[in-house]
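Below is a structure I'd like to ask you about.
When a ligand or atom number is given, it counts from 1 through the structure's own listing order. Along the sequence shown, residues carry numbers from 1. FYI, side chains are in, hydrogens and waters are out, and symmetry mates aren't considered; it's all heavy atoms of this structure.
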Amino acid sequence: MEVESKLIKQGAEARVFQTEFCGKKAIAKERFKKPYRLPCLDEKLTQRRVVKEARCMAKCSKAGINTPTLYLIDNVNHVIYMEFIEGITVKEYLRNNQDNKEYKDKIKVLMKEIGKILAKMHCIDIIHGDLTTSNMILRDDNTVVLIDFGLGYTSHLIEDKAVDLYVLERAFLSTHHNSGELFTVVLKTYLEYAGDLGQQVNKKFEEVRLRGRKRSMAG
Ligand code: AMP
């Protein structure tokens with residue numbers, strides 16, 4: 001029986017389909033060839049990227065961080081099949097509810113949850129690489145699920161962790177009003193949960209911020 005697939009995102013590196021896997025609603029993420037690269041090199045790099053993405057998800061999942069369950073890695077066609085997460089992105093959730101006073105406490109709890117997840121992730125040396133509120137799904141059971149490790153990698157470097165947080169801060173600033181307040185809760189919780197690592201990342205984070213400010217002033 002043919003399984004129907006619906007394209008939900010066409011990115012620069014990959015296509016994302018909603019599909020079915022063994023009768024379950026699933027996501028298929030297919031990386032495509034880069035025509036400007038030597039074919040044998042392209043094949044190797046694409047395969048490596050697929051493995052890296054899956055490895056980040058598996059490591060997070062093992063550490064108790066919610067990520068979609070991996071169903072299958074097809075590294076002939078460069079496709080990762082994973083669980084479809086039912087819910088809405090944190091971006092949509094904030095946009096829909098941020099102006100509603102009744103949601104103030106709920107949103108604070110959500111920001112704390114994000115800080116806790118990121119601390120856990122950095123403690124196991126996973127760098128997400130593209131932290132945005134679109135890459136976090138608020139699942140129907142109210143838990144946050146991290147998605148899209150397409151730029152993810154393993155690193156113990158404090159700088160990489162600080163930049164990961166800076167990317168998220170920039171995403172907050174460009175997408176949400178009151179973002180300063182929201183991100184402060186994320187960062188504060190991150191620091192609480194990341195222990196000594198948190199102090200080091202925070203120091204570096206200030207430097208990264210300063211660099212960013214200088215760069216934007218320079219035009
Ligand atoms: P990505 O390129 O991995 O960020 O995926 C693009 C979009 O597909 C995301 O912004 C989500 O809306 C959706 N998506 C990706 N993975 C999942 C998933 N596991 N469950 C539900 N939706 C997903």
Side-chain angles (χ1 to χ4, degrees), residues 3-34 42 45-75 77-98 110-111 113-114 117-118 120-121 126-154 163-176 179 182 186:
V3 173
E4 247 185 67
S5 292
K6 187 175 100 193
L7 181 69
I8 55 174
K9 187 183 161 191
Q10 166 86 53
E13 305 263 325
R15 274 185 284 264
V16 179
F17 297 91
Q18 186 188 317
T19 184
E20 248 184 48
F21 186 85
C22 293
K24 285 190 239 173
K25 209 166 162 186
I27 286 283
K29 188 166 175 178
E30 179 193 26
R31 288 195 166 263
F32 37 78
K33 290 190 177 77
K34 299 264 175 72
D42 185 60
L45 292 175
T46 311
Q47 279 189 354
R48 228 180 263 168
R49 198 52 258 174
V50 169
V51 170
K52 253 189 186 174
E53 179 165 359
R55 194 174 283 150
C56 286
M57 290 171 71
K59 279 189 181 166
C60 280
S61 170
K62 202 172 161 207
I65 298 160
N66 292 318
T67 54
T69 304
L70 281 169
Y71 290 156
L72 180 82
I73 301 160
D74 170 358
N75 226 346
N77 299 303
H78 317 303
V79 187
I80 300 180
Y81 292 87
M82 67 184 93
E83 176 189 4
F84 181 93
I85 306 294
E86 301 281 0
I88 62 166
T89 64
V90 169
K91 178 178 173 176
E92 288 172 79
Y93 182 82
L94 289 176
R95 287 209 163 149
N96 295 344
N97 303 310
Q98 226 189 333
L110 176 61
M111 294 304 110
E113 182 60 20
I114 293 170
I117 290 170
L118 300 184
K120 252 191 193 175
M121 187 182 78
I126 297 292
I127 312 298
H128 183 279
D130 188 20
L131 285 174
T132 63
T133 46
S134 306
N135 283 335
M136 299 169 186
I137 299 182
L138 183 60
R139 194 160 46 187
D140 291 349
D141 64 1
N142 262 335
T143 53
V144 178
V145 183
L146 271 188
I147 61 163
D148 193 6
F149 287 81
L151 294 173
Y153 59 100
T154 303
V163 170
D164 218 20
L165 291 183
Y166 183 66
V167 168
L168 181 63
E169 185 184 42
R170 301 305 305 172
F172 263 101
L173 285 171
S174 62
T175 8
H176 305 291
S179 50
L182 297 177
V186 174

Query raised in the report: Relative to atom 7 (C) of ligand 1, which among Gln18, Lys9, Glu92 owns the nearest non-hydrogen atom?
Result: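 Answer by nearest heavy atom: Lys9.
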Query raised in the report: In this structure, are over 12 heavy atoms from other groups packed under 6.0 Å from Lys33 atom NZ?
Result: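 Open.
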Query raised in the report: Considering only protein heavy atoms, which is closest to atom 18 (C) of ligand 1, and at what distance to one decimal place?
Result: Ile27 CG1, 3.4 Å
Query raised in the report: For ligand 1, does Ile137 get within less than 4.0 Å through its side chain, its backbone, both, or neither, judged by non-hydrogen atoms?
Result: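 Side chain only; the backbone of Ile137 stays clear of ligand 1.
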Query raised in the report: Which of the atoms of ligand 1 are close to Pro68, meaning less than 4.0 Å from one of its heavy atoms?
Result: 19 (N)
Report task. Using a 4.0 Å heavy-atom cut-off, say whether Met82 meets ligand 1 through its side chain, its backbone, both or neither. Result ->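 For Met82, only side-chain atoms sit under 4.0 Å from ligand 1.
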**Report entry** Derivation of the side-chain contact (heavy atoms from CB on, under 4.5 Å) call for Leu146 and Asn66
**Finding:** CA-CA 6 Å; Leu146 271 188; Asn66 292 318; over 6 Å; no
Report task. Note the single closest protein heavy atom to atom 10 (O) of ligand 1, along with its residue, its atom name and the distance in Å. Result ->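 Ranking protein heavy atoms by distance from atom 10 (O) of ligand 1, first comes Ser134 O, 4.1 Å.
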Report summary line: At under 4.0 Å between heavy atoms, what of Lys29 touches ligand 1? The answer is side chain
Query raised in the report: Can you list the ligand 1 atoms lying under 4.0 Å from a non-hydrogen atom of Phe84?
Result: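 Close to Phe84: 20 (N), 21 (C).
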Query - Under 3.5 Å: N/O of Ile85 near N/O of ligand 1 - result: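 Min N/O separation from ligand 1 is below 3.5 Å for Ile85.
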Query raised in the report: How are the rings of Tyr71 and Phe21 set to each other: parallel, tilted or perpendicular (split at 30° and 60°)?
Result: parallel
Query raised in the report: Can the ring centroids of His78 and Phe32 be said to lie less than 6.0 angstrom from one another?
Result: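 Centroid separation for His78 and Phe32: 6.0 Å or greater.
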**Report entry** Nearest non-hydrogen protein atom, atom 12 (O) of ligand 1
**Finding:** Thr89 CG2, 4.6 Å
Query raised in the report: Does the side-chain contact (heavy atoms from CB on, under 4.5 Å) test come out yes or no for Tyr153 and Glu53, once each step is laid out?
Result: CA-CA 7 Å; Tyr153 59 100; Glu53 179 165 359; over 6 Å; no
Query - Per-atom contacts of ligand 1 with Asn135, taking only distances under 4.0 Å to non-hydrogen atoms - result: 4 (O)
Query raised in the report: Heavy atoms of the protein only: does one fall short of 4.0 Å from atom 1 (P) of ligand 1?
Result: yes
Query - Pair Thr19-Lys6, side-chain donor/acceptor within less than 3.5 Å - result: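 Side chains of Thr19 and Lys6: no pair found under 3.5 Å.
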Report task. Show your working on side-chain contact (heavy atoms from CB on, under 4.5 Å) between Ile27 and Glu83 and close with a plain yes or no. Result -> CA-CA 6 Å; Ile27 286 283; Glu83 176 189 4; over 6 Å; no
**Report entry** Interfacing atoms of ligand 1 (cut-off 4.0 Å, heavy-atom, Ile8)
**Finding:**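 Every atom of ligand 1 under 4.0 Å from some heavy atom of Ile8: 8 (O), 13 (C).
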Query - Glu13 and Arg31 ion-paired at < 4.0 Å - result: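 Here Glu13 pairs with Arg31 in a salt bridge, since their nearest N and O are under 4.0 Å apart.
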**Report entry** The one among Ile147, Asp148, Thr67 that brings a heavy atom closest to atom 14 (N) of ligand 1
**Finding:**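 Going through Ile147, Asp148, Thr67 one by one, Ile147 has the nearest heavy atom to atom 14 (N) of ligand 1.
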Query raised in the report: Taking atom OH of Tyr93 as the centre, does the number of heavy atoms from other residues, nucleotides or ligands within less than 6.0 Å exceed 12?
Result: yes
Query - Side-chain donor/acceptor of Gln10 to backbone N/O of Arg15, under 3.5 Å - result: no
Query raised in the report: Which ligand 1 atoms are under 4.0 Å away from a heavy-atom of Glu83?
Result: 18 (C), 19 (N), 20 (N)
Report summary line: The closest protein heavy-atom partner of atom 5 (O) of ligand 1 is Val16 CG2, 3.7 Å
